[in-house]
*Asks:* 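Right, I'll just put the structure down here and ask away after.
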Amino acid sequence: MIHSLWMNDQMLFSCSGCVSACTLVSFSTVLGCHPCFRLNMFSKGTKRKFSDGGEEISEETLVGARMASSYSLQRQSLLDMSLIKLQLCHMLVEPNLCRSVLIANTVRQIQEEMTHDGSWQVVTEAFCSAGQSPSERLVATEVLCRSREQDAEPKLFSVISYEGCREEEVVADETLCSVSVSDAVSNVCLAGSIGQCWEKSDVETDDEALEDSRLGSGEDEEIDTEDEPSREGPKTIGQVFGTFEIKNSSPGPDSALEELFSDVDTSYYDLDTMLTGMQSAPKMGPYDLLDSLAPSHGSSSIVSAPNCRSDLNELDHIMEIIVGS
Amino acid sequence: MCVCVRACVRACVRVCVCASDIISTVEFNSTGELLATGDKGGRVVVFQREQESKNQPHRRGEYNVYSTFQSHEPEFDYLKSLEIEEKINKIRWLPQQNAAYFLLSTNDKTVKLWKISERDKRPEGYNLKDEEGRIRDPTTITALRVPVLRPMDLMVEATPRRIFSNAHTYHINSISVNSDYETYMSTDDLRINLWNLEITNRSFNIVDIKPANMEELTEVITAAEFHPNQCNTFVYSSSKGSIKLCDMRESALCDNHSKLFEEPEDPSNRSFFSEIISSISDVKFSHSGRYLMTRDYLAVKVWDVNMENKPLETYQVHDYLRSKLCSLYENDCIFDKFECVWNGTDSVLMTGSYNNFFRMFDRNTKRDVTLEASRENSKPRAILKPRKVCVGGKRRKDEISVDSLDFSKKILHTAWHPSENIIAVAATNNLYIFQDKVN
């Protein structure tokens, strides 16, 4: 899976999870040393002269503001990258717990800092706004994934939430770039729903705590209680580790997803059936899943451009995968 | 330290990079006579050192394939609908007690004890069956004879003697044989279990860091090892960069450590990646038991067992990657788990890096060297040339710039002969064996 991220006029290519060569191009070190950055943020301005009072001040603050916004831009990108990593767990083999823990800790760290900044409120407000349609959110991810013409500050988007059935998922790969699914009503997501499907047939045999079977980290909770994101953060991020225990899925009150699958006999759709239903090789990981979705379905149902497809198409698309027709 | 290393390349020659051939562990046995490798496909290949012969003195001590067997097969966990990889995570040899060799090999869930034995004689002259093994008609037997052992072509067989399974919910990352030669421990992300080598249906849990609420999980165990001489002492490392030394005599469950080795974080280097790069990927006791070596993403540290607050020595492996951490995070390279090894006298450390480079640090002279394990540079008997990574702008002729490094060629697994200067380096699917220059 190939990400291309544009950051600060510098391009970054990488291949994640594959054996081919990765080339590193120089990358801004702002993210690597953020406290120093903050200390020096305004010390890098030019000296003020009395004669140029007004101009100098504005330039200094402009520089500072630009650096601040680029820092928060990069921090947001790191957050998004981390959330995507958490979400794209290998579906056939159990994901690496150490890696998941480290990524989750990074996300927690960023969220805590954003909380202190007050910028976390921006994120929560972005989602509370009823007017924001999926297409707007698509644009937001697009900015990060594609061309440098996009100058505007990208809108912050929530990658994954998995409380109940309110699932949004942003998935990026080279063909899709960004796929944003769902609004408050339909609440369907791609990989997550598939995960749901076979998790329902899990049998509880363990005495250990039953946990919600959700992949990735959740942020929908934080939307509602913006003054407790740091408390909510660990809780929802921690649901990543629910996948490692014997799980019992308990669907939330929003039963749109439930209705979708209510008449599906999940016991019938075991792993094999599901995989053969997908148009790809039997042994595939999450990256393959994403790749297989893109070419196998025409552009009618998959976004590859700023155009977004309707949620109804999305539902059809999901059903196609599940039912395997 | 003699920097001149002569290449004695014993590569597993393959035309294409087959994923199942990727070597996942390398280990010498306690005498250095045998070298075992495990791969992603669940196979174990054991090499044996050739006996020195006066006829061919230049062929001193080359390693040849001794035995190959399939240790683990892929499995499927029906309860969780997840595959269990057959990749061999670790191999540890048991000390030799008779003519046969024993090793422990483990994948994510199951540890197996394998017996490797030679057969060079076979009995002939049975009374009740003929040479092909068919039962003879009793009425045709007119005389009795005593079967005799006749020589045959050497056959090396590997048989599984014990299978230790169903004790780990999480992925096993380490095994370590105790110096009492009776017990060993297996370590997964959250727990450490103690086994008796003879008993497979029971193990004792000695460390458990699983929180009651999994959502509060922030730290995992990354490696563990028994002390080489004290059978009650072991250490385990964590993803937060700490090492805990435990004494099994204190309590049955060693959740409370006896010693905690942790270096306070350098505030000037603080970043979002600080925790990830401080995660310890390997911990090894020195042969003497006096020192500990730990490997995190960028450095190797030597600790004195008696001093907990800071390491004795720190060696930078590839500090030029510090400015590339975000990219390495994106392509997941930042999660690579490099191993580290001591030489026989505890004076030299070795660990791997990217671009098929590996590094050696001499603790006494404080000199270090970067070498490359690659086909082009390793003609048999050729002396390895030290390599250098150029960080700044001006690149000299032989140097390689940071941006040209190939991050898919990583050396994670290396091994050092217990007494001689022979090293084994696993580079993806190739095994390189290098020896010290001999005049």
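Computation of the quantities below employed the complete heavy-atom set of this structure, encompassing side-chain atoms and omitting hydrogens, waters and symmetry-equivalent molecules. By convention in this document, chain letters (A, B, ...) are assigned in the order of the sequence lines, proteins followed by strands, and residues within each chain are numbered from 1.
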*Asks:* Just by distance, no angles: are the side chains of S237(B) and T222(B) close enough, under 3.5 Å, to form a donor-acceptor pair?
*Replies:* yes

*Asks:* Which region of K337(B), side chain (C-beta onward) or backbone (N, CA, C, O), has a non-hydrogen atom less than 4.5 Å from a non-hydrogen atom of chain A, or is it both or neither?
*Replies:*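 Only the side chain of K337(B) comes within 4.5 Å of chain A.
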
*Asks:* Between I276(B) and chain A, with a heavy-atom cut-off of 4.5 Å, which part of the residue counts as in contact: side chain, backbone, both or neither?
*Replies:* both

*Asks:* Chain A heavy atoms under 4.5 Å from Y354(B): which part of the residue, side chain, backbone, both or neither?
*Replies:*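 Contact with chain A is absent: no heavy atom of Y354(B) under 4.5 Å.
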
*Asks:* Consider only side-chain N and O atoms of D406(B) and N355(B), and report whether a donor and an acceptor are under 3.5 Å apart.
*Replies:* no

*Asks:* Under 3.5 Å, is there a donor on one side chain and an acceptor on the other for K109(B) and N107(B)?
*Replies:* no

*Asks:* Could you tell me how the ring of Y297(B) sits relative to the ring of F338(B): parallel (under 30°), tilted (30 to 60°) or perpendicular (over 60°)?
*Replies:* tilted

*Asks:* Counting only heavy atoms closer than 4.5 Å, note whether S279(B) contacts chain A via side chain, backbone, both or neither.
*Replies:* side chain

*Asks:* Would you say CG of N166(B) has more than 12 non-hydrogen atoms from neighbouring residues, nucleotides or ligands within 6.0 angstrom?
*Replies:* no

*Asks:* By a 4.5 Å heavy-atom criterion (distance strictly below it), what part of S274(B) contacts chain A: side chain, backbone, both, or neither?
*Replies:*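 Contact with chain A: none, neither part.
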
